[in-house]
Amino acid sequence: MVAAEAGVSRATVSRVVNGSTSVAPDIIAQVQAAVARLDYVPNRVARSLASRRADVIALIVPESASTVFADPFFAPVVRGVARVLGDTDYTLNLLIASESRPEKTRRYLQGGNVDGALVVSHHAEDHSYVGLGSALPMVFGGRPLIPGLTDRHHVDVDNVDSARRAVEHLLGLGRTRIGTIAGRQDMPAGLDRLVGWREAVAASGAGRASVDLVEFGDFTQDSGAEATERMLAREPGLDALFVANDQMAAGAMRVLAAHGRRVPDDVAVIGFDDDTFAATLSPPLTTVRQPAMEFGEAMAEVLIALIAGEDVPRRTVIPTSLVRRGSA
């Protein structure tokens with residue numbers, strides 16, 4: 001109908017609608033006028049069938065909805081992904097995956113609904129992606145621990161080195177009883193930040209007792225508070241804490257204040273992420289800045305390159321920095 005209205009071939013209409021530069025300007029104007037008169041909108045489903053492309057990228061978060069919308073790390077990641085995709089034809093599809101029914105996510109990803117997938121906050125026991133093979137381009141946020149997928153493309157920060165440098169800062173302040181609130185050990189950030197703390201403490205010659213000052217949380221404020229209660233009960237002489245994320249650090253500082261332990265005078269505290277609330281804590285939190293928006297941008301850029309068939313490094317590393325504030 002558009003071709004007949006414009007007096008051109010269907011192939012010419014297709015080239016104009018798809019943004020081809022090989023059509024003369026007057027013909028483009030002619031076709032666009034016909035499109036406007038007929039109120040024509042390209043049918044995405046039909047175009048997908050013809051091109052075998054969905055023009056959709058899935059951002060998958062294998063967490064509960066309450067976790068996704070409560071954790072300040074996710075929003076800037078999504079903004080970063082969306083900013084990159086905004087200059088493309090891709091639509092972003094946010095998928096909060098449930099591991100209680102991993103086959104549901106797997107069917108969706110295998111059903112031609114998406115051209116590629118970004119996976120953030122994944123766990124070693126996640127099974128939604130097993131069996132997808134290399135047919136679907138995928139990029140993970142953080143090195144994947146999932147069996148069979150450990151060699152897939154991922155964007156990460158150097159968690160080990162970042163944690164080590166944070167602890168070295170505490171050592172440089174003269175702290176000698178440095179504990180850590182570590183994150184979940186089925187996630188790369190939880191594992192690697194604990195390794196960095198252990199390496200720095202061991203290298204300092206602080207003694208065997210120091211490398212045992214570990215309590216674990218699940219990256220939430222409440223778990224950070226509970227872990228700090230346990231830490232203080234067994235180590236009254238604690239004078240510093242490296243905490244695996246800012247939310248747990250906020251919980252830790254709340255407990256320290258309740259016990260009359262001044263930050264940083266009695267206990268220095270360093271977190272990780274530089275979430276938006278970190279600077280508003282009392283005192284403001286010293287933390288390792290993980291640039292979440294740049295993290296999302298890099299994930300999207302790597303995935304777009306993979307979909308295009310480009311050769312991309314398996315690992316892309318985003319630099320971190322220590323943001324020094326009042327807590328250490």
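Counting non-hydrogen atoms of other residues, nucleotides and ligands closer than 6.0 Å to CZ of Arg10 gives a total of 12 or fewer. Atom CZ of Arg230 sits in a crowded spot, with more than 12 heavy atoms from other residues, nucleotides or ligands closer than 6.0 Å.
Shown here for Asp266 and Gly260, the closest heavy-atom pair between the two residues is OD2-O, 3.9 Å. Of all non-hydrogen atoms in Ala279 and Pro284, the two that sit nearest each other are O-CB, 3.6 Å. Pro291 and Ile318 get closest at one heavy-atom pair: CG-CG2, 3.4 Å. For the residue pair Pro72 and Thr276, the shortest heavy atom distance occurs at CB-OG1, 4.4 Å. When all heavy atoms of Gly296 and Val81 are compared, the closest pair comes out as O-CG2, 3.4 Å. The two residues Leu238 and Arg261 have their closest heavy-atom pair at O-NH2, 2.8 Å.
A salt bridge does not link Arg289 with Asp273: none of the charged nitrogens is closer than 4.0 Å to a carboxylate oxygen. The residues Asp274 and Arg325 are annotated as salt-bridged, a charged nitrogen and a carboxylate oxygen being separated by less than 4.0 angstrom. Between Arg79 and Glu297 there is no salt bridge, since none of the side-chain N atoms of the basic residue sits less than 4.0 Å from a carboxylate O of the acidic one.
Taking the side chain as every heavy atom from C-beta outward, Thr228 and Leu256 approach each other to under 4.5 Å. With contacts defined as side-chain heavy-atom distances shorter than 4.5 Å, the pair Phe242/Val269 does not qualify. Between Asn245 and Thr287 the shortest side-chain heavy-atom distance does not fall below 4.5 Å. The shortest side-chain heavy-atom distance between Arg234 and Glu215 falls under the 4.5 Å cut-off. The side-chain heavy atoms of Ile270 and Val243, taken from C-beta on, include no pair separated by under 4.5 Å. Inter-residue side-chain proximity for Val78 and Leu92 is flagged as met; some heavy-atom pair is nearer than 4.5 Å. Proximity of Arg184 to Phe216: side-chain heavy atoms (C-beta onward) are nowhere separated by under 4.5 Å. At a threshold of 4.5 Å between non-hydrogen side-chain atoms, the residues Phe73 and Asp246 do not count as touching.
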Candidate pair Asp156 and Thr316, rule side-chain contact (heavy atoms from CB on, under 4.5 Å), full reasoning
CA-CA 6 Å; Asp156 209 350; Thr316 300; over 6 Å; no
Test side-chain contact (heavy atoms from CB on, under 4.5 Å) on Val8 and Val23; report intermediate values, then the result.
CA-CA 11 Å; Val8 298; Val23 183; over 6 Å; no
Begin from the C-alpha positions of Asp55 and Asp115 and carry the test side-chain contact (heavy atoms from CB on, under 4.5 Å) through to its verdict.
CA-CA 6 Å; Asp55 285 337; Asp115 297 310; 4.2 Å; yes
Evaluation steps, side-chain contact (heavy atoms from CB on, under 4.5 Å), between His169 and Leu173
CA-CA 6 Å; His169 176 69; Leu173 297 175; 3.9 Å; yes
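Under the 3.5 Å distance criterion, the side-chain polar atoms of Gln185 are matched with a main-chain donor or acceptor of Gly183. At distances below 3.5 Å, not a single donor-acceptor pair connects side-chain atoms of Gln290 with backbone N or O atoms of Ala292. Of the possible donor and acceptor atoms, none in the side chain of Asn159 sits under 3.5 Å from a partner among the backbone N and O of Asp192. With hydrogens and angles disregarded, no donor-acceptor distance shorter than 3.5 Å links the side chain of Asn93 to the backbone of Ile57. With Thr150 contributing its side chain and Leu145 its backbone, the two residues share no donor-acceptor pair below 3.5 Å.
In terms of the salt bridge (Lys or Arg N to Asp or Glu O under 4.0 Å) criterion, residue partners of Glu199 (sequence neighbours excluded) are, by chain and number, Arg164.
Side-chain contact annotation: Thr220 with Asp222, donor-acceptor N/O pair under 3.5 Å absent.
Just one residue in the list Thr12, Val16, Val13 forms a side-chain contact (heavy atoms from CB on, under 4.5 Å) with Val2, and that residue is Val13. Between Val155 and the options Val317, Val302, Leu303, a side-chain contact (heavy atoms from CB on, under 4.5 Å) holds for only Val302.
In this structure, Arg193 is positioned above the aromatic face of Phe272, its NZ or CZ under 6.0 Å from the six-membered ring centre and within 45° of the axis.
For the atom pair CD (Glu226) and CD (Gln221), the distance works out to 11.5 Å, reported to the nearest 0.5 Å. Distance CG/Leu213 to CZ/Arg198: 10.5 Å, rounded to 0.5 Å.
A centroid separation of less than 6.0 Å is found between the aromatic rings of His122 and Phe140.
No chain of hydrophobic side-chain contacts below 4.5 Å, direct or via other Ile, Leu, Val, Met, Phe, Trp or Tyr residues, connects Ile181 to Val160.
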